[in-house]
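For ligands, and for the atoms within them, numbers begin at 1 and follow the listed sequence. Model, not experiment: these values are computed from the prediction.
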Amino acid sequence: MRNYSEFLAEILISEDELQKRIQQIGQQISADYCDSQSLLLICILRGGVMFLTDLMRQISVPHAIEFMAVSSYGMGARETTGQIRISHDLNTDIHERDVILVEDIIDSGHTLNSVLDMLSTRKPKSLEVCTLLDKAERREVPVPVKYVGFSIPNKFVFGYGLDLDDYYRNLPFIGVVDESKYQTE
Ligand code: IMP
Ligand code: MG
């Protein structure tokens, strides 16, 4: 695999900026859910994992975590089709719980919209969305988002959980791809 520096156009959000903003969101969630008896953070695999693990360390109220996997992007594809498949469902009953869905990025909104529809049928006490990145310009279906880390322009980004064909999720910053230097196989 090539070194990311060969196709990094720019660092959009530095590690320091990410961590500062995540601390703020964690404090906000801690205040908003200080009376909750049943807070559950649901992370959508795999992109949201880095964000979840950093965010939960900034949340001071007791909470549990869960994971689910949905697929929307095929290998190499850059657009969602609106077709979502749940490849790993929750192992926890969310009925009457305060749920926050933790996402890496909202693009067209199709993924989140489908997940929210599905989860709301299970009658949680509350259901909110926390996303690290929001590409609002690309939205095709409206989704209610309570916590947004950063609004970003319509550029393909990678790092900090987000992948390029499954690699580079480990980078501690959010980078923009130079598409003239990175071609999907
Ligand atoms: P949506 O259904 O169009 O909102 O797509 C959301 C999913 O697409 C995210 O959870 C990401 O996995 C993926 N995605 C969207 N934009 C990007 C990007 O710029 N880089 C990496 N993954 C992305
Ligand atoms: Mg992805």
Side chain, backbone, both or neither: which part of E103 has a heavy atom under 4.0 Å from ligand 1?
side chain
Does ligand 1 have a heavy atom under 4.0 Å from the side chain of L112, from its backbone, from both, or from neither?
neither
Does any N or O atom in V157 lie less than 3.5 angstrom from one in ligand 1, N or O only?
yes
N or O contact, D163 vs ligand 1, cut-off under 3.5 Å:
no
Would you check if K181 and E6 make a side-chain contact, meaning some heavy-atom pair closer than 4.5 Å?
no
Taking C-beta and beyond as the side chain, do D54 and L18 meet within less than 4.5 Å on heavy atoms?
no
Backbone N or O of T92 within a donor-acceptor pair of the E66 side chain at under 3.5 Å?
yes
Flag, side chain of R139 to backbone of D134, donor-acceptor distance under 3.5 Å:
no
Atoms in ligand 1 with a heavy atom of T111 nearer than 4.0 Å
1 (P), 2 (O), 5 (O), 6 (C)
In terms of atom number and element, which parts of ligand 1 are under 4.0 angstrom from non-hydrogen atoms of D104?
9 (C), 10 (O), 11 (C), 12 (O)
Heavy atom of [X] under 4.0 Å from ligand 1?
X: F156; result: yes
X: G109; result: yes
X: K135; result: yes
X: I105; result: yes

Side-chain donor-acceptor pair present, S30, Q27, cut-off under 3.5 Å
no
If we check side chain to side chain contact (heavy atoms under 4.5 Å, CB included) with K146, which of these qualifies: V129, D32, T131, L101?
D32
Does the plane of the ring in Y168 sit parallel, tilted or perpendicular to the ring in Y182? Use 30° and 60° as the thresholds.
perpendicular
